[in-house]
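Each remark here refers to the structure printed beneath this line.
Chain identifiers are assigned alphabetically (A, B, ...) following the order of the sequence lines, protein sequences preceding nucleic acid strands; residue numbering begins at 1 within each chain. All of these numbers come straight from a predicted model, not from anything done at the bench.
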2 protein chains.
Amino acid sequence: MTAQLQRGLGVALWRQIADGIRAGIANGLADETGRLPPEAGLAERFGVNRHTVRAAIAALAHEGVLESQQGRGTYVRRRQRLIYPIGERTRFSAGLGDQARDTRSDMIGSAKEQATAWVAAALGLETGRDVIRLESLGRADGIPVSRSTSWFAADRFEGIAELFARTGSVTAALAGFGISDYRRTSTSIEARHAEEADTRELQLAPGAIVIVTRAVNGDLSGAPVQCSVTRFAADRVELRVEAATPGPDGSSAG
Amino acid sequence: MTAQLQRGLGVALWRQIADGIRAGIANGLADETGRLPPEAGLAERFGVNRHTVRAAIAALAHEGVLESQQGRGTYVRRRQRLIYPIGERTRFSAGLGDQARDTRSDMIGSAKEQATAWVAAALGLETGRDVIRLESLGRADGIPVSRSTSWFAADRFEGIAELFARTGSVTAALAGFGISDYRRTSTSIEARHAEEADTRELQLAPGAIVIVTRAVNGDLSGAPVQCSVTRFAADRVELRVEAATPGPDGSSAG
DNA sequence: TCGCATTTGTGCGTATGTATA
DNA sequence: ATATACATACGCACAAATGCG
């Protein structure tokens, strides 16, 4: 049970302890009231000086995980993760549903640019063709949870940025181009440390984790319509892969 | 495109650069021959001293990712992340397929224990009923990529640990109990920092990221058979959600 | 074989960050 | 707050191996 700390691995002891405390919280380290053991006890448990434990607690407090009160102790701020469904018919607002009072996706930028190799391959275009890029930020009850970048073929979806900005919904924007339904044809998932842009847009602490999904959406005939890269704040969401569900016309993909 | 390094957050620059190089390898950092840019170039790109880049390369060489040759350059030993499919018919070895010469899953422990609330709910049992827990380690070409914990109802699958240890396959072990096919009924995905057990079993550096999947598998009638928690080394794999595929009998889930 | 550019390997001095007492 | 030890990062210089004309 005693975590093994090591020096000289490029990760400071206080950060290893911070990770250890964060892991321990999910494992009954704090008592029923959310109170952590006193610093002296943690220092002994991890085999380090109390100063080092204090540095770890300060980092977690800065991340919003812990809250120290002089004379009372250190308490865990509990926050439940949102469950974000990944399926053939994934939609941002519909997916989060009743988990939050207010879910919204705001456009924070758009541009016309030339398709990179990945975008071109996903949309079935030649590299360098014009595409429209949309940047949006998903929030639940005002807290940023995801940052999404989408690409559309420019010749087919001229003006989609304005439509998305007005409606705040990819589904509604696509409906304006006669696309009544679309399906996710592929999704890849990876996780990495937050980059500077992630920490800024998603209001993350440095060193936080983001889950990155790369998806391609196609219309009912299977032709690619949109591709996207979405970065989720890993400490605020959990992805859930769902079985296929019937579409609005009652059909079901095989 | 330029990775943003941050000082003073408890993670050494050389370790951040090591992570950056590892991520960059999957993104065309190395040329066709697998050769990395020279140390001086990397140092300029990351905005650090060459010594610092050398520390990062040394760490990656120690992990088996890179190999330096004096006077020639630094070469990548393994080009990209493994792609691990998540679908209704996910299997460890079959999924990784031809991405590695040797994929295997070794049992590293087993125990009979009482079902926790989560396990009981997943398997459709009462909390506290006997279950069998299997711990296994998945490797590709000898490198650990995943650590999996599975639970089975003890009364129905008595002796499954021995069968799994001998065959190294959950599919084969279940076949021994008359279960010819099974489907993944649900999967949740989250990402967190590696705990001590993760760093030990998966040979990760402290502060590394693990992707955690929780899955329930059921037989063809939909009854739960097995549930599992799998931890993937986030810098070695990428998950991919796949569309439903027909089973060996030609059926397709709706 | 030689010379040369390129690239990795090594040594030293110094400043700052981390951890202990 | 101070002192001490070690890890990290930088800057400069030079040695050693490789490849090429």
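- Counting non-hydrogen atoms under 4.0 angstrom, R50(A) reaches nothing in the nucleic acid.
- For W14(B), counting side-chain heavy atoms from C-beta on, the closest listed nucleotide (dT18(C), dA9(D), dT8(C)) is dA9(D).
- A straight line from CZ of R54(A) to P of dT20(C) spans 14 Å, rounded to a whole angstrom.
- Ion pairing between D198(A) and R147(A) holds under the 4.0 Å rule for side-chain N and carboxylate O.
- Regarding E44(B), its CD atom lies at a distance of 13 Å from the P atom of dT7(C), rounded to whole Å.
- Atom pair L66(B):CG and dT8(C):P shows a separation of 11 Å (rounding to whole Å applied).
- Rounded to whole angstrom, the span from the CZ atom of R35(B) across to the P atom of dT6(C) amounts to 12 Å.
- By the 6.0 Å contact criterion, CZ on R54(A) is open, its count of non-hydrogen atoms from other residues, nucleotides or ligands being 12 or less.
- Enclosure of atom CD in E44(A) is not indicated, since only 12 or fewer non-hydrogen atoms of other residues, nucleotides or ligands lie within 6.0 angstrom.
- Under a 3.5 Å cut-off, the side chain of T230(A) and the backbone N or O of T213(A) do not form any donor-acceptor pair.
- With salt bridges taken as basic N to acidic carboxylate O contacts below 4.0 Å, one links R104(A) and D106(A).
- The distance between atom CG of N49(A) and atom P of dA3(D), rounded to the nearest whole Å, is 18 Å.
- The nearest whole Å value for the distance from the CD atom in E39(B) to the P atom in dA5(C) is 20 Å.
- We find that CZ of F46(A) is positioned 13 Å from P of dT20(C), with the value rounded to whole Å.
- Contact of H51(B) with dG11(C) (side chain to base): a donor-acceptor pair of N or O atoms is detected under 3.5 Å.
- The side chain of T74(B) contributes no N or O atom lying less than 4.0 Å from OP1 or OP2 of dT7(C).
- Between T52(A) and the phosphate of dT18(C), there is no side-chain N or O to OP1/OP2 separation shorter than 4.0 Å.
- Nearest to the side chain of S68(B), among dT8(D), dG9(C), dT7(C), sits dG9(C).
- The nearest whole Å value for the distance from the CZ atom in R15(A) to the C1' atom in dT8(D) is 17 Å.
- Considering only the side chain of Q70(B), dA16(D) comes nearest among dT20(C), dG11(C), dA16(D).
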